[in-house]
Amino acid sequence: MWPDRRILDLLGLDLPILQAPMAGPVDSEMVIAVSEAGGLGGLPCALMTPEKTRTELGIFRQRTSRPINVNFFCHKQPEEDLARETAWKKRLEPFYLELGLDPAAPAPRSARAPFDEQFCGIVEEFRPEVVSFHFGLPDSALLDRVKATGAKVLSSATTADEAVWLEQHGCDAIIAQGAEAGGHRGIFLTDDLANQPGTFALVPQVVDAVKVPVIAAGGIADARGIVAAFVLGASAVQIGTAYLFCPEAKVAAPHKAVLRSAKDDHTALTNVFTGRPARGIVNRIMREVGPLSDLAPAFPLAGGALAPLRAKSEPQGSGDFMSLWAGQAARFGREMPAAELTRTLAEEAQALLSSFAR
Ligand SMILES: Cc1cc2nc3c(=O)[nH]c(=O)nc-3n(C[C@H](O)[C@H](O)[C@H](O)COP(=O)(O)O)c2cc1C
C-alpha cells in the first residue's frame, strides 16, 4: 500500500509516521497512543531525569507491546564561562527589573542532560526497539552498547554531509530535518545556520547521498506533505508540530494559544532559550534580545537565566519569556487525539497517493 516499505520493515511499523520526540510536551501518554495506532511514538528524554525516563518507559512497556523510539540529546556539556554568563545576565537585567526579580540571585542550571552511562544503562534495561539522537551521535563506546541491545539507531541530519557522517558512524536510518522544522536544529558538523536547506531540497539530496532509508522531517503536517516526502525519496516522515495540537501534548497555555493562530511567517530560528538554534514562534524575548544573540551562553546554559523570567510571567498567561517551539507548517494543526491524528494522516495520504495512481 505504501510506495516504500523500508522503514516499515526496519522498525516494525504499520504506518510510516513517526511522532517526533518533543522534550517538554511529550510523555508516555502520547507515545503509547501513536505506537498503538501503528506509527512510532517517540519518547524524548532530554529534559527527563533518569528516574523519570525509567518510569515513562515502564508505563509504555506495561501498556503496549508495540515498538518505541527513545530519544536523547548527545551534546557535550560546555565548560563554565563566567564572563559570558555575566554578560548574558546583564543583557537580561532590564527584564528582571521590570518583573520585580533580583538580577543578582544565582540563575538555576538548565536541566537538559546529554546521553551518558546512566541513560545507556536504562536503554540496556528496557531495550527499546529504536533509539534516536539529536546533535549527532554519542561516543562510540556508548553507541556500541546501544547497538548491542539490538536497537535500530536514528539521528537527525540537516545537510547531506551530516547524513553521510551519520551513516558512516552506524545509523540505521537518517532523519533529514529541513529548515522548516520546529524545535532544535539537529545541526552538528558546523554551526553555520545561513546555509541550512529546506525539506524539499534536503530530502532528495540525502536520499542520493546515503544507502540507508531516509525519514523526512520539517514542515510536514498533512497528507500533501507526507506524499511529497515519498515522492522525494523518503521512506517515512517524522512529524512534530502537528502533534502539539493533540490533547496528550503537555503544552503550556500561552504556547497553545499562539499555535492556534500560527501562520507560515510566524516562526524564526533563535538561540536565546538554550544557546542552540531552534525554531519557535516569535515572542518578545526573541524580538528584543535575538532572535540570534552572540551573548547567549553555550547550549544548554542560556536557558538558566531565562527560567526565573518564565516562572514569574507564565502564571499571568504571558508567553513573553518561554520557548514557543513550532515549525513553519503549524497552521495545519488539528485538535484531535494522537492515535486518531496518526490514522487520519495515514488514511489521507493513502487517498492522495491513490488519486495519483488513477
Ligand atoms: C516542541 C518541540 C520539541 C522538540 N524536541 C525534540 C527533541 O527532544 N528531540 C528531537 O530529536 N527533536 C526534537 N524536536 C524536533 C523534531 O524531532 C522534528 O525535527 C520537528 O518537529 C519536525 O518539524 P515539524 O515540527 O515541522 O513537524 C522538537 C520539535 C518541537 C516542535
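Side-chain atoms are counted along with the backbone in the values below, which use heavy atoms only and exclude waters and symmetry mates. Positions are given from 1, in the same order as the sequence printed here. Atoms within each ligand, like the ligands themselves, are counted from 1 in listed order.
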Students should be able to answer this: which protein heavy-atom is nearest to [atom], and at what distance?
{"atom": "atom 11 (O) of ligand 1", "result": "Asn71 ND2, 3.1 Å"}
{"atom": "atom 19 (O) of ligand 1", "result": "Gln177 NE2, 3.0 Å"}
{"atom": "atom 21 (O) of ligand 1", "result": "Gly240 CA, 3.3 Å"}

Does any N or O of ligand 1 fall below 3.5 Å from an N or O anywhere on [X], backbone included?
{"X": "Ala23", "result": "yes"}
{"X": "Ser156", "result": "no"}
{"X": "Ala20", "result": "no"}
{"X": "His184", "result": "no"}
{"X": "Gln328", "result": "no"}

Do [Y] and [X] meet the salt-bridge criterion of a basic N to acidic O distance under 4.0 Å?
{"X": "Arg54", "Y": "Glu124", "value": "no"}
{"X": "Asp14", "Y": "Arg66", "value": "yes"}
{"X": "Arg343", "Y": "Glu340", "value": "no"}
{"X": "Lys52", "Y": "Glu56", "value": "yes"}

Go through ligand 1 atom by atom and flag the ones less than 4.0 Å from a non-hydrogen atom of Thr241.
24 (P), 25 (O), 26 (O), 27 (O), 31 (C)
Mark up the atoms of ligand 1 that fall under 4.0 Å of a heavy atom belonging to Gln238, in ascending order.
17 (O)
For Phe133, which part has a heavy atom under 4.0 Å from ligand 1: side chain, backbone, both, or neither?
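Answer for Phe133: neither.
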Proximity to ligand 1 by part of Ala46, non-hydrogen separation under 4.0 Å:
neither
Should one rank [options] by closest heavy-atom distance to [atom], which comes out on top?
{"atom": "atom 12 (N) of ligand 1", "options": "Gly183, Gly182, Ala249, Pro21", "value": "Pro21"}
{"atom": "atom 28 (C) of ligand 1", "options": "Arg279, Met48, Met22", "value": "Met22"}
{"atom": "atom 1 (C) of ligand 1", "options": "Phe135, Trp325, Tyr243", "value": "Trp325"}
{"atom": "atom 26 (O) of ligand 1", "options": "Pro25, Pro44, Gly219", "value": "Gly219"}

Ignoring hydrogens and angles, write down the donor-acceptor pairs under 3.5 Å from the side chains of residues 303-311, residues two or more places apart or on other chains.
| unit_1 | atom_1 | unit_2 | atom_2 | d |
| --- | --- | --- | --- | --- |
| Arg310 | NE | Glu314 | OE1 | 2.7 |
| Arg310 | NH2 | Glu314 | OE1 | 3.1 |

Quick check on side-chain contact (heavy atoms from CB on, under 4.5 Å): which of Leu143, Leu142, Thr149 does Cys120 satisfy it with?
Leu142
To the nearest 0.5 Å, tell me how far Asp264 CG sits from Phe332 CZ.
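The CZ atom of Phe332 is 8.5 Å from CG of Asp264, to the nearest 0.5 Å.
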Do the side-chain N and O atoms of Thr267 and Arg279 include a donor-acceptor pair separated by under 3.5 angstrom?
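There is such a pair (donor and acceptor under 3.5 Å, judged by atom type) between the side chains of Thr267 and Arg279.
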Can you give me every donor-acceptor pair (side chain of residues 199-207, partner residue at least two apart or in another chain, under 3.5 Å) with its distance?
| unit_1 | atom_1 | unit_2 | atom_2 | d |
| --- | --- | --- | --- | --- |
| Thr199 | OG1 | Glu180 | OE1 | 2.9 |
| Thr199 | OG1 | Ala217 | O | 3.3 |
| Thr199 | OG1 | Gly218 | O | 2.8 |
| Gln205 | NE2 | Ala201 | O | 3.1 |

May I ask you to establish whether Arg276 and Phe135 are in a cation-pi arrangement, using a distance under 6.0 Å from NZ or CZ to the six-membered ring centre and at most 45° from the ring axis?
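Output yes; distance and angle both within limits.
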